[in-house]
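Values below: every heavy atom of this structure, side chains too, minus hydrogens, waters and symmetry copies. Order of appearance sets the numbers: ligands from 1, and atoms from 1 within every ligand.
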Amino acid sequence: MAEIVLGMWTTHGPILNTTPDEWMLRVINDKRIPHWFEGKQYSFEELVELRKHEDFTEQITLEERTLRHARCQEGVAVLAAAWKAVKPDVAVIMGNDQREVVLPSLQPMFTIYHGDTFWQKPLPEARAEKLPVGIKESEWAYRPEEDQVWPGLPALAERVLVKGQESGFDFAASSEWPEMGEGHHHIGTPHAFSWIIRRVMEDNPVPMLPVITNTFFPPNQPTAKRCFEMGELVGQCIKEWDNDLRVAVFGSGGMSHFTINENFDRDFMQALDDRDRDFLTSIPQNILMQGTSEMRNWVAAAGAVFDSGLKGSTVDYIPCYRSEAGTGTAQGFVVWQ
Ligand SMILES: [Fe+2]
């Protein structure tokens with residue numbers, strides 16, 4: 001029977017792929033948008049007032065950002081080294097889409113990619129130029145320099161689709177990334193998957209099953225409980241798979257952003273350590289908003305991995321602040337083997 005031999009939970013955002021100076025480019029956007037924090041929405045100015053007792057002054061100096069940036073790179077290096085050492089045969093990645101291939105016109109809660117292959121290409125210059133500042137600079141970590149075709153994992157995907165039908169999970173199925181129009185900001189594999197291929201697998205991917213969860217966009221973001229159960233179903237499909245393949249499972253995304261909430265992140269890390277199903281399945285919907293919504297991918301991966309014999313721990317947790325409002329992105333890395 002197939003076996004889960006590696007579980008990894010990792011952030012994947014631009015902070016990991018840009019310089020401490022470039023981190024600050026996103027503050028312009030932070031000031032423009034409303035932010036979710038502890039279940040409520042605030043303007044940037046309201047957050048500054050609300051969180052002034054936390055005083056982020058020291059944490060956003062270039063010196064401190066430089067130290068935290070270095071820890072982020074060390075964390076990614078630990079993941080890449082573990083990947084190389086364990087050498088799984090195939091991988092399942094729990095990830096999400098940010099209007100890359102899933103549009104509001106058709107937005108499934110969960111999509112199983114069952115194609116034989118999936119592709120990625122460099123973004124044409126005209127499209128790259130339109131990317132927001134601070135995002136453009138990080139594109140190298142999501143895209144190859146030349147066109148790539150990677151192997152899918154249709155055999156496992158089809159098992160998940162069928163077992164889903166039998167157990168009340170009505171997955172959407174995708175066999176190919178849609179070709180987006182010229183005006184669209186993205187082509188090919190969504191960032192949650194391509195980042196793992198570029199920076200953890202270092203461009204040497206194994207056959208992979210991308211599971212796309214609509215973490216971000218109302219009105220149909222799945223509950224944490226549903227994500228965990230979906231992960232359990234995928235875990236069962238792996239266990240019952242009649243071959244001797246060694247499987248890696250990834251949770252890709254998070255942690256809290258664009259308002260960092262260290263209490264939530266640390267409680268979440270503790271819940272992983274404790275295999276605490278109750279905590280993970282009861283995270284309220286209004287906590288899993290904006291970038292923090294990607295923690296649904298971590299919950300789904302936990303659903304698949306908790307029942308394995310794997311053990312592990314947190315590699316690092318690094319809250320990467322960039323403003324006096326406590327905005328930024330918290331980075332985290334966990335490896336079980
Ligand atoms: Fe993301």
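In His12, the N, O or S atom that comes nearest to the Fe ion (ligand 1) is NE2. The atom of His191 nearest to the Fe ion (ligand 1) is NE2, with the search restricted to N, O or S atoms. Of all N, O or S atoms in Glu294, the one lying closest to the Fe ion (ligand 1) is OE2.
Side-chain atoms of Glu54 do not come within 3.5 Å of backbone N or O of Ala325 as any donor-acceptor pair.
With contacts defined as side-chain heavy-atom distances shorter than 4.5 Å, the pair His35/Gln41 does not qualify.
Salt bridge status for Lys52 with Glu49: present, with a side-chain N to carboxylate O gap under 4.0 Å.
Aromatic ring pairs are classed by plane angle as parallel below 30°, tilted from 30° to 60° and perpendicular above 60°; the pair Trp83 and Phe250 is tilted.
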